[in-house]
J.: 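One structure coming up, written as structure tokens, with questions to follow.
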Amino acid sequence: MSVTRAWEVLVLLFFYLVPFCSLGTGARHTRQATLHLSAVPSSTRSEARQISSTLVPLAFQPFPLGHIKPSGWLKDQLTHSANGLGGHELDFYDYVAHSTWLGGNKEYSDLREGFPYWFNGLVPLAYALDDARLLEQTHSAADYVLTNQQDDGWLGPETGTERNFWGRMPILMGLRGLAEAGGSGWEERIVTSLWEFTRVMNEMLRDKFTGLIRHEGDRLEEGNDSWGRIRVQDLLITLQWLYESHSEGRNASQLMENMHLLINGSLNWADWYNPTIYIREDLNTIPDSVTTPLFPFLHGVNIGQGLKALAVFRRISRNDSLIQTSRNAVNWTFKYHGAASGAILADERLAGLAPYYGSETCTLVETMFSLSYLYQALGDSPFAHICEKIAFNALPVQITPDWWARQYVSQPNQPFAEHLDDTPFHDVNNWGQSYGLEVDYPCCTVNHHQGLPKYVAAMFVRVGERGVAHALLGPGGVEVDGTKVDCETEYPFADTLRYTITTNATTDLYIRVPDWADVTMTSVLINSNTTTEISPDCHTGLHKITISLGTTEVIYNIGNPGIILEHRANDTIAIHHGALIFALAIPSYVASTPPKAYSNGSDNPLPDGYEPPKARDYQYHNASAWNYAIDPATLSVHRSNSSDGLADPIFAPGASPIWMTAKACEIVWGLYKGVPDVPPTREKRKCIGDIVDIRLEPLGGAKIHVVDLPILKLS
Ligand SMILES: *[C@@H]1O[C@H](CO)[C@@H](O)[C@H](O)[C@H]1NC(C)=O
Ligand SMILES: *[C@@H]1O[C@H](CO)[C@@H](O)[C@H](O)[C@H]1NC(C)=O
Ligand SMILES: *[C@@H]1O[C@H](CO)[C@@H](O)[C@H](O)[C@H]1NC(C)=O
Ligand SMILES: *[C@@H]1O[C@H](CO)[C@@H](O)[C@H](O)[C@H]1NC(C)=O
Ligand SMILES: *[C@@H]1O[C@H](CO)[C@@H](O)[C@H](O)[C@H]1NC(C)=O
Ligand SMILES: *[C@@H]1O[C@H](CO)[C@@H](O)[C@H](O)[C@H]1NC(C)=O
Ligand SMILES: *[C@@H]1O[C@H](CO)[C@@H](O)[C@H](O)[C@H]1NC(C)=O
Ligand SMILES: *[C@@H]1O[C@H](CO)[C@@H](O)[C@H](O)[C@H]1NC(C)=O
Ligand SMILES: *[C@@H]1O[C@H](CO)[C@@H](O)[C@H](O)[C@H]1NC(C)=O
Ligand SMILES: *[C@@H]1O[C@H](CO)[C@@H](O)[C@H](O)[C@H]1NC(C)=O
Ligand SMILES: *[C@@H]1O[C@H](CO)[C@@H](O)[C@H](O)[C@H]1NC(C)=O
């Protein structure tokens, strides 16, 4: 048993704390100016002023989809997703199987985004696993979409004023993946199709930004017509790939013009991530007259997607001030509106720091993708750090162990996941924190499965000409250009990563040192020779190891400083240990029913025989009290002695090989709208029961939990 005493390592965890260097500078905190959204693109927008024929290079190049494969627990998780909801939607789920994209008539909104979201996630899932059934599904879906491309080049079923660029964005990302991973036949077909699409895009954008901006009244408030404008970066990423990799013999200047037009027609995130505009307060304390016009910038999924926007724009505009703006975007979002788990607290609209606010599953997976992109584009280690935090904590807790049900939102302090009579959420219904097929709204059903496959696709990146970096840690490998790297590890459940590298020429392996690591305790061992200390780059967190021809074994031991306490609002703490967050794990009893139809928060079941039997809706009820204050000085870490390897599924109650115990007592702590209120302030905390031992587990498995824990000295 390894025991770490919290008081030995009591550390204040500041946001962006990097033990081996300090980054960046602060920004002003006052808000004086008001942001007026322009209905018509501003003639003073400077982003696209210069037309340049090359794009600003990324700090690290992604490998084409298909080169990176997961192993260990990560592969097990993807396999559950493939055998679960994500991998079965084309078989039964109306908004995928009978989408207008496939000739059907089922859509949950006239944005027609259900099938595009599903496709965007399924392509990387299918290629991560080389799963024959899913490969066949992605191929037949892609074949239908490409075969039905309209004569003028439009992709998708819409005609006339129904056309909106947004729904294309996830489809194009999926098609790019298929072009990279699917062999030359798919590559040729997709590249040809995308160039056709580029033509119609040019006609439309030149004609008053048709498809991006609606003209009837140019409404910009809580409207669906702004979705394309606020999400252009998700289209630009694919267009940039087309431009850099497949523009020989094509009209590249037209494609470049499209990219400039998209930026010119966008709602620009730089207007929002402006120190005089940005709202640092809890949005629920701000009048609607201020927040309503800003809604596109406050919508959780838009933010998750938009964190990368300015880094994408910068590749075209070459405006380097967007680097700091991108850092501010991430910094402010998590500092003022973030949970300890890496989730953005936005129950449809951005919220504050109260631990009863919700984080949406769609927002998590989009945020992960944005952060992995930002690490590739700009190379700042905190982007990778937060991406890992979400992958190992915030995302798994919102999905059932069998990957057949997901929440719409999860809360940091959520000791039950059940029907609520009232809710503390801005716009999420009474079933939103239960688990199910489509509770609250279908977007998270069709989008949840992109999270881990895209994490896998970004695990390794190219550094320079021949270097390979393990950018996002976890078990898996990459094989490319005569170099094969395999990493075997139980990380984040253990701190040792074992690499086997086989290469036909001298190459560099870079390993990322997590921001929480103690560098002085971190070491690498090469071919069983002497252990060496490491010296990670201050900006990227990467440590370089030169690998010679042949096969090399590298053992990377991350120095884990033990428990790290993050101080949260009102004398509460969140508990970190390595890349895992530990939460008070509430024992549960679980009740399930056939899935309900989402519409109108209804209790109505879906039609008989609609869904496979494994698709159920679940409520997790608390089987104990949850209103504890804990003494952090009594925290100790326990590790199972079992040599059987990790449990599968690993993100299930009790499955983790590491857990903690601590002394705690019940305190008076009431409810607010049916859920735990903000924890009482310190002077109001008094034990109302005996001092007892409580158990803390990694959040990902602790489906019902308390993360932001009130503290009390119990001696
Ligand atoms: C993050 O933002 C805070 C508040 O604006 C500032 O004090 C801090 O220096 C910023 N950190 C980075 C890395 O930019
Ligand atoms: C974008 O807007 C800028 C500033 O108004 C203008 O100079 C530029 O020509 C526009 N680009 C395109 C492609 O319309
Ligand atoms: C660069 O971007 C910043 C932030 O959006 C903007 O204020 C500035 O005007 C831009 N500079 C140029 C030269 O376009
Ligand atoms: C946008 O929303 C309005 C009002 O909610 C609705 O009438 C309209 O059909 C929607 N249009 C699109 C393209 O989604
Ligand atoms: C290429 O695109 C530009 C800009 O849209 C257009 O002016 C030009 O005619 C196109 N050239 C060809 C050969 O199609
Ligand atoms: C902190 O406590 C005060 C007083 O109870 C409360 O109004 C506030 O919402 C709390 N803040 C958070 C983020 O928990
Ligand atoms: C290494 O293998 C790759 C892929 O087979 C090949 O393209 C490359 O030329 C080889 N390099 C050397 C130095 O043999
Ligand atoms: C072991 O490492 C030392 C110093 O790093 C090096 O000089 C030596 O050649 C290595 N020995 C083997 C067997 O790799
Ligand atoms: C939602 O349900 C309420 C109460 O049953 C009903 O009054 C309302 O019309 C329903 N709304 C929709 C959009 O179905
Ligand atoms: C579960 O939580 C509720 C709400 O605080 C509480 O009333 C109930 O007693 C708890 N259940 C058990 C079994 O302790
Ligand atoms: C692990 O083994 C040691 C020595 O046998 C024992 O003292 C300890 O209790 C075991 N730990 C657990 C968690 O079972």
Side-chain angles (χ1 to χ4, degrees), residues 54-55 57-58 60-69 90 101-102 115-116 118-150 153-156 168-202 234-256 258-259 312 315 369 372-373 376 450 453-454 456-462 465 478-484:
T54 56
L55 302 176
L58 300 168
F60 310 123
Q61 283 295 330
F63 289 112
L65 187 72
H67 288 284
I68 304 172
K69 304 292 180 196
L90 190 67
W101 280 86
L102 296 179
F115 171 80
W118 167 82
F119 185 73
N120 177 41
L122 205 76
V123 173
L125 178 60
Y127 281 99
L129 294 173
D130 285 327
D131 178 302
R133 187 177 64 83
L134 299 194
L135 287 171
E136 151 46 38
Q137 292 196 344
T138 58
H139 295 167
S140 69
D143 180 60
Y144 189 95
V145 169
L146 296 173
T147 302
N148 287 280
Q149 182 162 26
Q150 298 184 29
W154 183 255
L155 281 164
R168 294 353 71 187
M169 301 179 191
I171 283 280
L172 263 55
M173 283 198 197
L175 287 174
R176 172 212 173 151
L178 182 52
E180 290 178 334
S184 56
W186 282 112
E187 180 182 273
E188 206 178 304
R189 202 171 161 199
I190 289 165
V191 166
T192 304
S193 159
L194 295 190
W195 279 102
E196 285 294 296
F197 181 60
T198 293
R199 209 163 34 84
V200 68
M201 186 188 302
N202 191 257
D234 280 47
L235 185 50
L236 288 168
I237 286 184
T238 308
L239 299 184
Q240 290 175 350
W241 164 79
L242 191 65
Y243 185 85
E244 285 190 308
S245 309
H246 297 285
S247 55
E248 220 176 279
R250 310 277 184 170
N251 193 344
S253 62
Q254 186 174 73
L255 177 51
M256 182 54 86
N258 284 348
M259 295 197 273
V312 175
R315 298 201 66 203
F369 177 61
S372 65
Y373 178 88
Q376 292 170 1
Q450 71 154 302
K454 291 205 173 188
V456 167
M459 259 204 305
F460 292 90
V461 293
R462 175 66 89 205
E465 287 294 307
V478 59
E479 183 166 6
V480 66
D481 298 339
T483 299
K484 187 170 187 290

J.: If you look at every heavy atom in Gly153 and Val200, which pair is closest and at what distance?
T.: C-CG1, 3.7 Å

J.: If you apply the rule side chain to side chain contact (heavy atoms under 4.5 Å, CB included), what do you find for Val461 with Leu58, and how did you get there?
T.: CA-CA 11 Å; Val461 293; Leu58 300 168; over 6 Å; no

J.: Please name all residues satisfying side chain to side chain contact (heavy atoms under 4.5 Å, CB included) with Val145, sequence neighbours left out, ordered by chain then number.
T.: Trp101, Phe115, Leu155

J.: Kindly compute the distance separating OG1 (Thr192) from CG (Leu146), expressed to the nearest 0.5 Å.
T.: 9.5 Å

J.: Considering non-hydrogen atoms only, spot the tightest contact between Trp118 and Ala141 and give its length.
T.: CZ3-CB, 4.0 Å

J.: To the nearest 0.5 Å, what is the distance between CE on Met173 and NZ on Lys454?
T.: 5.0 Å

J.: Taking only residues two or more places apart in sequence, or in another chain, which ones meet Ser245 in a side-chain hydrogen bond (donor to acceptor under 3.5 Å, both in side chains)?
T.: none

J.: For Trp154, give me all partners under ring-ring contact (aromatic ring centres under 6.0 Å, His included), at least two apart in sequence or on another chain.
T.: Phe165, Phe197

J.: For a quick test of reading the model, state the closest non-hydrogen atom pair linking Ala126 to Leu134 and the distance between them.
T.: CB-CB, 3.7 Å

J.: Between CE of Met169 and OG1 of Thr238, what distance do you get to the nearest 0.5 Å?
T.: 9.5 Å

J.: Measure from the side-chain N and O atoms of Lys69 to the backbone N and O of Tyr127, and report whether any donor-acceptor pair falls under 3.5 Å.
T.: yes

J.: Does the Thr138 side chain pair with the main chain of Leu135, one donor and one acceptor, at a distance under 3.5 Å?
T.: yes

J.: Check for me whether the distance between the ring centres of Trp186 and His139 falls short of 6.0 Å.
T.: yes

J.: With Asn202, which residues qualify under side-chain hydrogen bond (donor to acceptor under 3.5 Å, both in side chains), at least two apart?
T.: Arg206, Gln254, Glu257, Asn258

J.: If you take all heavy atoms of Phe119 and Gly174, which pair is closest and at what distance?
T.: CE2-C, 3.6 Å

J.: Identify the two heavy atoms, one from Arg250 and one from His246, that lie closest to each other, and give their separation to 0.1 Å.
T.: CG-O, 3.9 Å

J.: Enumerate the residue pairs fulfilling salt bridge (Lys or Arg N to Asp or Glu O under 4.0 Å) with a member in residues 136-150, sequence neighbours excluded, ordered by first and then second residue.
T.: Asp143-Arg189

J.: Are side-chain heavy atoms of Thr198 and Leu242 found at a separation under 4.5 Å?
T.: yes

J.: How far does CD of Gln450 sit from CG of Leu125, to the nearest 0.5 angstrom?
T.: 11.5 Å

J.: Ser372 and Ala458: which non-hydrogen atoms are nearest, and at how many Å?
T.: CB-CB, 3.7 Å

J.: For the CG atom of Leu239 and the CE atom of Met259, what is their distance to the nearest 0.5 Å?
T.: 6.5 Å

J.: Please list, one pair per line, the donor and acceptor atoms closer than 3.5 Å that link side chains of residues 175-183 to other protein atoms, with sequence neighbours excluded.
T.:
{"unit_1": "Arg176", "atom_1": "NE", "unit_2": "Glu180", "atom_2": "OE2", "d": "3.1"}
{"unit_1": "Arg176", "atom_1": "NH2", "unit_2": "Glu180", "atom_2": "OE2", "d": "3.4"}
{"unit_1": "Glu180", "atom_1": "OE1", "unit_2": "Leu65", "atom_2": "N", "d": "2.9"}
{"unit_1": "Glu180", "atom_1": "OE2", "unit_2": "Trp241", "atom_2": "NE1", "d": "3.4"}

J.: Would you find a donor on one side and an acceptor on the other, under 3.5 Å apart, between the side chain of Gln240 and the backbone of Leu55?
T.: no

J.: Between atom OG1 of Thr54 and atom CZ of Arg315, what is the distance when rounded to the nearest 0.5 Å?
T.: 9.5 Å

J.: Can you check whether Tyr144's main-chain N or O pairs, donor with acceptor, with Thr147's side chain at less than 3.5 Å?
T.: no

J.: Heavy-atom distance under 4.5 Å between the side chains of Arg462 and Val480, does that happen here?
T.: yes

